[in-house]
Amino acid sequence: MEAIVAGALKQMIPSFKLGIILYHHIVVDDSPQMLKGRLQLFQESIYFDLQETAIADIPELAEWRKIFKTIGTDPSRYRPSSESLYRRIQKKSFISTIHSAADVNNFFSLYYKIPIGIYDLDKLEGPITIDIGTEQDEYMAINGRPVNFAQKLVSKDMHGPFGSPIVDSKRTAVTKETKNAIQIVYLLPSMQREQCEKILESMKNMFFQIHGGEAAFQLLT
């Protein structure tokens, strides 16, 4: 599956970085107890940290807010998904287990403090383009609400928009029937290449350990 970063986005944010991880022949199921336990304990740890640290003072979350502002998105109205997770935890509204793929996604989004999307690869038709959306870019999100992506980061395939660092679409949602998947990792522009590759390798390995199959990643800069 070919994935490209649109020229307009590169021009606006020259150091924009994106990770793509492809998974084939995977088995998505209820999360193993190990993953459920790690996700719960990590959220509790974050909750106590947030009693002493303001969300606005977390560098990774602040950097993503800056990216949103640069492309014309109001980050207080449409938050990066990583920040939304932290705000839920701050209110002690902990993220419950969904299934193994979503739980791994949420764990790493919390751990690295960056937005991450995961999609059913068989529901996509390439190539994939990561771009700044227009008024015509809209979809029904997994929360059941329509979202318009004008002046927002959005991922599109041949059938239209399907994902973003805000909220993902119902059309390409991963389920327990998913056999092939793609993860889009919204890395920080400030990260060095070596750091990005280590993050992608770590994510790929943990996902593979739980889901089996085959996995490979690429870094788009």
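Please read all numbers here as calculations on a predicted model, not as lab measurements.
Note on ring orientation: taking the six-membered ring where Trp is involved, the planes of Phe68 and Trp64 are perpendicular (angle over 60°, cut-offs 30° and 60°). Taking the six-membered ring where the residue is Trp, Tyr111 and Phe107 present parallel rings, their angle staying beneath 30° rather than reaching 60°.
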Problem - side chain to side chain donor-acceptor pair (under 3.5 Å) assessment of Glu63 paired with Ser190 - result: CA-CA 8 Å; Glu63 186 169 346; Ser190 63; 2.7 Å; yes

Practice task
Check step by step if side-chain contact (heavy atoms from CB on, under 4.5 Å) holds for Met206 and Leu35.
Solution key: CA-CA 10 Å; Met206 182 170 171; Leu35 177 56; 3.6 Å; yes

Practice task
Could you walk me through whether Tyr23 and Phe208 pass ring pair (Phe, Tyr, Trp, His ring centres under 6.0 Å), step by step?
Solution key: CA-CA 8 Å; Tyr23 302 102; Phe208 171 77; 9.0 Å; no

Practice task
Check step by step if side-chain contact (heavy atoms from CB on, under 4.5 Å) holds for Ile21 and Phe207.
Solution key: CA-CA 10 Å; Ile21 312 179; Phe207 195 96; over 6 Å; no

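For the side chain to side chain contact (heavy atoms under 4.5 Å, CB included) with Glu83, the lone residue among Ile55, Ile58, Ile114, Ile166 that qualifies is Ile55. Checking Asp157, Asp120, Asp122 one by one against Arg171, the salt bridge (charged side-chain N to carboxylate O under 4.0 Å, His left out) holds for a single residue, Asp157.
Between Lys204 and Glu201, at least one side-chain nitrogen of the basic residue sits less than 4.0 Å from a carboxylate oxygen of the acidic one, meeting the salt-bridge criterion.
Of the N and O atoms on the side chains of Arg65 and Ser76, at least one donor lies less than 3.5 Å from an acceptor on the other residue.
Hydrophobic clustering, with ILVMFWY side chains joined whenever heavy atoms are under 4.5 angstrom apart, groups Val185 together with Met1. Val154 is not connected to Ile4 by any chain of hydrophobic side-chain contacts under 4.5 Å among Ile, Leu, Val, Met, Phe, Trp and Tyr, and they are in different clusters.
Applying the side-chain contact (heavy atoms from CB on, under 4.5 Å) criterion to Tyr47, with sequence neighbours excluded, gives Gln51, Ile89, Lys92, Phe94.
A cation-pi contact, defined as under 6.0 Å to the ring centre and within 45° of the axis, is absent between Lys123 and Phe162.
Residue pairs meeting the salt bridge (Lys or Arg N to Asp or Glu O under 4.0 Å) criterion with at least one member in residues 21-43, sequence neighbours excluded, are Asp30-Lys176.
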